[in-house]
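Since the model is a prediction, treat every value here as computed from it, not as a measurement.
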Amino acid sequence: MAWQKIDGLLTHLSVGPQGELWGTNRENEVFYRTGFYGAWQKIEGQNLKMIDVGPNGLVVGCSPNNSIYVRENISQHVPIGTGWMKLNGSLKYVSMGADGRIWGVNSSNSIYTRGIYDQKWTSISGKLRRIHVSANGKIWGVNSSNTIYYRDGITPENPIGESWTSVSGSLTHLCAGNLEVWGVNSSGKVFYRRGSGDESWRKIPGKMKLVHCSPANVVWGINSSDEIFFYDSTSS
């Protein structure tokens with residue numbers, strides 16, 4: 001199966017547990033869509049440069065000046081929520097976990113985490129440029145040299161884990177699903193692998209600057225022209 005294009009232009013997107021899409025464009029406007037066949041709906045109230053939807057449907061994002069916002073009152077009956085709540089701190093990239101824990105990196109690539117209702121950010125050793133929390137709670141990231149890492153030792157009793165382990169390969173952006181990790185390299189080539197084991201990366205046809213996994217075995221991507229595509233990962 002080839003990548004299939006849908007309407008719209010975005011610079012960043014994320015997929016929720018029901019296949020819902022949240023994204024941002026070059027003007028830092030925020031948009032929502034119910035899935036493949038929905039229509040894009042502009043979400044007012046706050047400009048964001050990136051956005052992430054957790055496996056629990058909670059939404060977090062960063063503004064152009066690195067302020068952090070969470071979407072309030074998202075529910076089955078109000079899937080777009082009712083407003084934005086600003087969190088303390090300054091981060092350039094964030095990701096939401098299933099347990100409501102946010103992971104992020106700042107302008108110096110320092111790593112931080114906190115529960116959504118906590119007041120204090122916990123500093124995590126290491127440096128990453130991008131970070132992502134998978135649906136099963138695994139933490140993945142890439143650093144400024146495009147080296148890939150995952151977090152060891154995460155348990156319900158120790159949600160921040162113990163240390164970082166490097167993985168073979170070189171990526172500029174990645175997304176971790178339940179069983180697979182997808183990413184793109186500096187040339188826009190797309191790769192995936194089955195988690196943190198020893199399996200090598202497999203190349204997927206097409207070029208993207210960003211990819212994001214969904215729970216429904218669908219991978220979404222944005223190319224260098226900000227066009228939006230999806231790919232059925234069961235065909236890979």
Donor + acceptor pair across side chains of His212, Ser14 (<3.5 Å): yes

Does Val94 reach the side chain of Met50, with side-chain heavy atoms less than 4.5 Å apart? yes

Kindly determine whether His173 and Tyr93 satisfy side chain to side chain contact (heavy atoms under 4.5 Å, CB included), including the steps that lead there. CA-CA 12 Å; His173 175 89; Tyr93 204 91; 3.1 Å; yes

Might you point out which heavy atoms bring Ser134 and Pro55 nearest each other, and give the distance in Å? O-CG, 4.2 Å

Could Arg71 and Trp84 be counted as a cation-pi pair, given that NZ or CZ must be under 6.0 Å from the ring centre and within 45° of the axis? yes

Quick one: do Leu128 and Ile68 end up in the same hydrophobic cluster if we chain Ile, Leu, Val, Met, Phe, Trp and Tyr together by side-chain heavy atoms under 4.5 Å apart? yes

Compare all side-chain heavy atoms of Arg101 with those of Val133 and state whether any distance is below 4.5 angstrom. no

How far does CD of Gln46 sit from OH of Tyr69, to the nearest 0.5 angstrom? 4.0 Å

Approximate separation, where rounding is to 0.5 Å, of Thr147 OG1 and Lys127 NZ: 15.0 Å

Does any part of the side chain of Glu20, heavy atoms only, come nearer than 4.5 Å to the side chain of Thr34, both counted from C-beta? no

About how many Å separate OG of Ser224 and CE of Met208, when rounded to the nearest 0.5 Å? 9.0 Å

For Ser144, the side chain to side chain contact (heavy atoms under 4.5 Å, CB included) test, sequence neighbours excluded, returns Asn109

As an exercise, state the distance from OH of Tyr112 to CG of Asn106, rounded to the nearest 0.5 Å. 5.5 Å

Nearest heavy-atom approach of Val78 to Thr82 is CG1-CG2, 4.3 Å

Using the side chain to side chain contact (heavy atoms under 4.5 Å, CB included) criterion, which residues pair with Ser90? Sequence neighbours excluded. Asn66

Side-chain touch Tyr150/Val181, heavy atoms, less than 4.5 angstrom: no

Please tell me if the side chains of Ile222 and Leu13 come closer than 4.5 Å, counting only heavy atoms from C-beta onward. yes

How long is the straight-line distance from CZ of Arg114 back to CH2 of Trp121, given to the nearest 0.5 Å? 5.5 Å

Are Val60 and Ile74 connected in a single hydrophobic cluster, I mean Ile/Leu/Val/Met/Phe/Trp/Tyr linked by side-chain heavy atoms less than 4.5 Å apart? no

Starting from the C-alpha separation in whole Å, work towards a yes-or-no answer on side chain to side chain contact (heavy atoms under 4.5 Å, CB included) for Asn25 and Leu9. CA-CA 7 Å; Asn25 66 10; Leu9 295 171; 5.9 Å; no

Looking at Ile148, is its backbone amide N or carbonyl O close enough to the side chain of Ser166 to form a donor-acceptor pair, meaning the two atoms are under 3.5 Å apart? no

Shared hydrophobic cluster for Val15 and Val53 (ILVMFWY, side-chain gaps under 4.5 Å): no

Is there a donor-acceptor pair under 3.5 Å between the side chain of Arg33 and the backbone N or O of Gly38? yes

More than 12 heavy atoms of other residues, nucleotides or ligands under 6.0 Å from CD of Gln18: is that the case? no

To the nearest 0.5 Å, how far apart are CH2 in Trp40 and CG in Leu21? 4.5 Å

Main-chain N/O of Ile160 paired to Trp103 side chain as donor or acceptor, under 3.5 Å: no

Mutual orientation of the aromatic rings belonging to Trp22 and Tyr32 [parallel < 30°, tilted 30-60°, perpendicular > 60°]: perpendicular

Quick one: does any side-chain atom of Arg26 pair with a main-chain N or O of Thr11 as donor and acceptor, under 3.5 Å? no

Kindly determine whether Asn146 and Arg129 satisfy side chain to side chain contact (heavy atoms under 4.5 Å, CB included), including the steps that lead there. CA-CA 8 Å; Asn146 299 333; Arg129 185 173 52 82; 3.0 Å; yes

Can you find a heavy atom in the side chain of Leu87 that is under 4.5 Å from one in the side chain of Met85? yes

Count the heavy atoms belonging to other residues, nucleotides or ligands that lie under 6.0 Å from NZ of Lys5, then report whether that count exceeds 12. no

Just by modelled atom types, is the Gly83 backbone N or O under 3.5 Å from a matching donor or acceptor in the Asn73 side chain? no

Atom CD of Gln76 with >12 non-hydrogen neighbours under 6.0 angstrom: no

Has Thr172 got a side-chain atom pairing as donor or acceptor with Lys209's backbone, closer than 3.5 angstrom? no

Starting from Leu210, can I reach Met96 by hopping between I/L/V/M/F/W/Y residues whose side chains sit under 4.5 Å apart? no

Between Trp201 and Ser168, is any pair of side-chain heavy atoms under 4.5 Å apart? yes

Donor-acceptor pair between Ser63 and Lys49 side chains, under 3.5 angstrom: no

Run the side chain to side chain contact (heavy atoms under 4.5 Å, CB included) test on Tyr192 and Val219 for me, step by step, so that the C-alpha distance in whole Å, both residues' side-chain angles and the decisive distance to 0.1 Å come before the verdict. CA-CA 10 Å; Tyr192 85 97; Val219 177; over 6 Å; no

Side-chain heavy atoms of Asp226 within contact of Leu10, under 4.5 Å: no

Consider only side-chain heavy atoms of I, L, V, M, F, W and Y, link residues closer than 4.5 Å, and tell whether Ile116 and Val59 are in one cluster. no

Which heavy atom of Ala176 sits nearest a heavy atom of Trp140, and at what distance? CB-CD1, 3.5 Å

Taking all non-hydrogen atoms of both residues, which atom of Gly177 and which atom of Cys213 are closest, and how far apart? N-SG, 3.8 Å

Check the orientation of Tyr231 and Trp3. Use parallel for under 30°, tilted for 30 to 60°, and perpendicular for over 60°. tilted

If every non-hydrogen atom of Ser170 is compared with every non-hydrogen atom of Ser145, which pair is closest and at what distance? OG-O, 4.4 Å

Heavy-atom count around Leu179 CG within 6.0 Å, excluding the residue itself: above 12? no

Could you go through the side chain to side chain donor-acceptor pair (under 3.5 Å) check for Ser95 and Asp52 one step at a time? CA-CA 6 Å; Ser95 187; Asp52 189 72; 3.2 Å; yes

